[in-house]
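Structure, as structure tokens:
Residue numbers begin at 1 in each chain, while the letters A, B, ... track the order of the sequences. Quantities reported herein were computed from a predicted structural model and do not represent experimental measurements.
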Number of protein chains: 2
Amino acid sequence: MTTSRQHTEALGRILELVVVLSDDMTRSLAAQGLTDARAHLLWELHHRGPSTQRVLADALRVSPRNITGLVDALAATGFVTREPHPTDRRATLVSFTEHGAAVTAAMERDQHEFARILFDGMPDDRFTALVEGLDDLLARLRAHGVSIDASREATDPESEAGR
Amino acid sequence: MTTSRQHTEALGRILELVVVLSDDMTRSLAAQGLTDARAHLLWELHHRGPSTQRVLADALRVSPRNITGLVDALAATGFVTREPHPTDRRATLVSFTEHGAAVTAAMERDQHEFARILFDGMPDDRFTALVEGLDDLLARLRAHGVSIDASREATDPESEAGR
DNA sequence: TCATGTGCTGAACCACCTTCACTATGTCGG
DNA sequence: CCGACATAGTGAAGGTGGTTCAGCACATGA
């Protein structure tokens with residue numbers, strides 16, 4: 001039986017991993033002239049293709065007003081362009097410039113390289129055990145009502161009843 | 001031999017865990033009237049006892065100027081107090097109020113409860129494998145020059161030479 | 001056509017972080 | 001003891017990321 005102390009130490013390791021990973025990503029993003037939020041937007045755009053700001057707002061879980069600002073900045077620095085939506089004259093379509101597409105492709109390459117650093121050469125049994133452990137953690141979080149989507153409706157006090 | 005695709009998926013799991021964990025923490029902090037940065041400061045204070053702002057700035061890896069603002073906010077909402085340093089008249093000591101100490105103690109209880117949710121009842125072999133896997137990842141990151149402290153000196157182009 | 005909903009933006013605001021300049025104090029060598 | 005230099009904290013100004021509210025332009029359905 002594992003102890004509470006071991007649990008807390010394991011949580012500490014996860015949090016350290018969180019800090020190291022996000023720091024490193026922020027740094028490599030900054031090297032390309034991007035902030036976290038702007039890179040995140042580019043990433044969505046990469047996976048969805050040209051999108052309206054509304055769609056991006058939902059994807060990034062952020063207010064539409066904020067998307068305006070991010071797109072302003074990305075357009076000013078030449079990563080994306082705004083074009084009128086072909087059928088809905090209210091909406092604008094955000095698309096990559098060539099530069100934006102190139103940078104995003106580089107981001108994807110970096111991601112694979114990063115995964116390689118983390119996992120390449122790791123024994124199969126350890127890799128499998130690690131992934132199973134992570135899935136277990138995610139399942140436990142979900143089982144306790146902790147999930148990404150909870151941030152939307154968790155303001156409702158009723159949803160705390162199940163604790 | 002594991003594939004590049006599996007690596008990328010595993011990285012995705014870690015990132016999801018990161019998002020879920022930090023979202024959940026931010027939410028429970030907000031419930032106590034705290035933001036991430038302010039809670040982080042309280043946490044440091046909890047582990048160090050009354051500290052000068054300089055010490056807190058180093059601990060949080062943040063400019064001293066920013067500490068002034070955070071302490072201002074925490075003092076205004078009654079979590080901490082500023083007192084003159086007993087021997088160094090340049091410095092001020094930041095200490096908990098009763099309220100601040102109580103809230104921080106609650107944070108610590110929450111952390112243990114959270115670790116319990118994550119790990120309690122997990123089979124010993126899985127728990128051990130997970131911790132070993134996490135340690136492996138941290139070791140790989142450090143081996144590739146990715147570390148918490150790298151954020152300080154990584155602005156030096158020389159240090160990139162080892163890639 | 002008229003009412004209502006949707007997409008985006010201006011204005012105003014808060015949190016967090018930075019750098020630069022400045023004051024007040026500590027410290028150390030001559 | 002004193003001048004030179006270092007250190008602790010803060011004011012001012014500014015960038016980024018986020019919010020809400022109000023308003024305009026357009027879409028849509030009764």
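Residue contacts for Asp88(B): at a heavy-atom cut-off of 4.0 Å it reaches the sugar-phosphate backbone alone, with no base atom in range. Backbone-only engagement by Arg38(A) is indicated by non-hydrogen atom pairs under 4.0 Å involving sugar-phosphate atoms exclusively. Here Ile67(A) lies out of heavy-atom contact (under 4.0 Å) with every strand.
Ring geometry for Phe127(B) against His7(A) counts as perpendicular: the plane angle is over 60°, on a 0 to 90° scale with 30° as the lower cut.
The distance from atom CG of Asp72(B) to atom P of dC14(C) is 15 Å, rounded to the nearest whole Å. dT10(D) atom P lies 13 Å from atom CZ of Arg54(B), rounded to whole Å. Rounded to an integer number of Å, the gap from CG of Asn66(B) to P of dG17(D) is 16 Å. Atom CG of Leu41(B) is separated from atom C1' of dC17(C) by 14 Å (rounded to the nearest Å). Between the CG atom of Leu70(A) and the C1' atom of dC8(C) there is a distance of 14 Å, rounded to whole Å. Atom CZ in Arg61(B) sits roughly 12 Å away from atom P in dT18(C) (whole-Å rounding). The distance from atom CD of Glu83(A) to atom C1' of dG7(C) is 17 Å, rounded to the nearest whole Å. As a whole-Å value, the separation of Arg89(B) CZ from dT27(C) P is 11 Å.
Under a hydrophobic clustering in which Ile, Leu, Val, Met, Phe, Trp and Tyr are joined whenever their side-chain heavy atoms come within less than 4.5 Å, directly or via other members, Val55(B) and Val62(B) fall into different clusters. No chain of hydrophobic side-chain contacts below 4.5 Å, direct or via other Ile, Leu, Val, Met, Phe, Trp or Tyr residues, connects Phe79(B) to Leu93(B).
Across Ile14(A), Val18(A), Leu21(A), a single residue satisfies side-chain contact (heavy atoms from CB on, under 4.5 Å) together with Ile14(B), and that is Leu21(A).
Judged by distance alone with a 3.5 Å cut-off, a donor-acceptor contact links the side chain of Arg90(B) to the base of dT7(D). Contact of Arg65(A) with dG18(D) (side chain to base): no donor-acceptor pair of N or O atoms is detected under 3.5 Å.
Considering only side-chain N and O atoms, Thr52(B) lies nowhere under 4.0 angstrom from the phosphate OP1 or OP2 of dA8(D). Note on Ser63(B): a side-chain N or O is less than 4.0 Å away from OP1 or OP2 of dT18(C). Between dG9(D) and Thr68(B), no contact under 4.0 Å exists linking OP1 or OP2 to a side-chain N or O.
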Q. Under the side-chain contact (heavy atoms from CB on, under 4.5 Å) criterion, do Val80(B) and Thr97(B) qualify, and how do the steps go?
A. CA-CA 5 Å; Val80(B) 302; Thr97(B) 59; 5.5 Å; no

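When distances run from any side-chain atom of Gln53(B) to the nucleotides dG9(D), dT9(C), dT18(C), the shortest one goes to dG9(D). Considering only the side chain of Thr35(B), dC16(C) comes nearest among dT9(C), dG9(D), dC16(C). Closest to the side chain of Val62(A), from the set dT10(D), dT19(D), dC8(C), is dT19(D).
Mapping Pro64(A) and Ala91(B) onto DNA chain D via the closest heavy atom, the residue that lands nearer the 5' end is Ala91(B).
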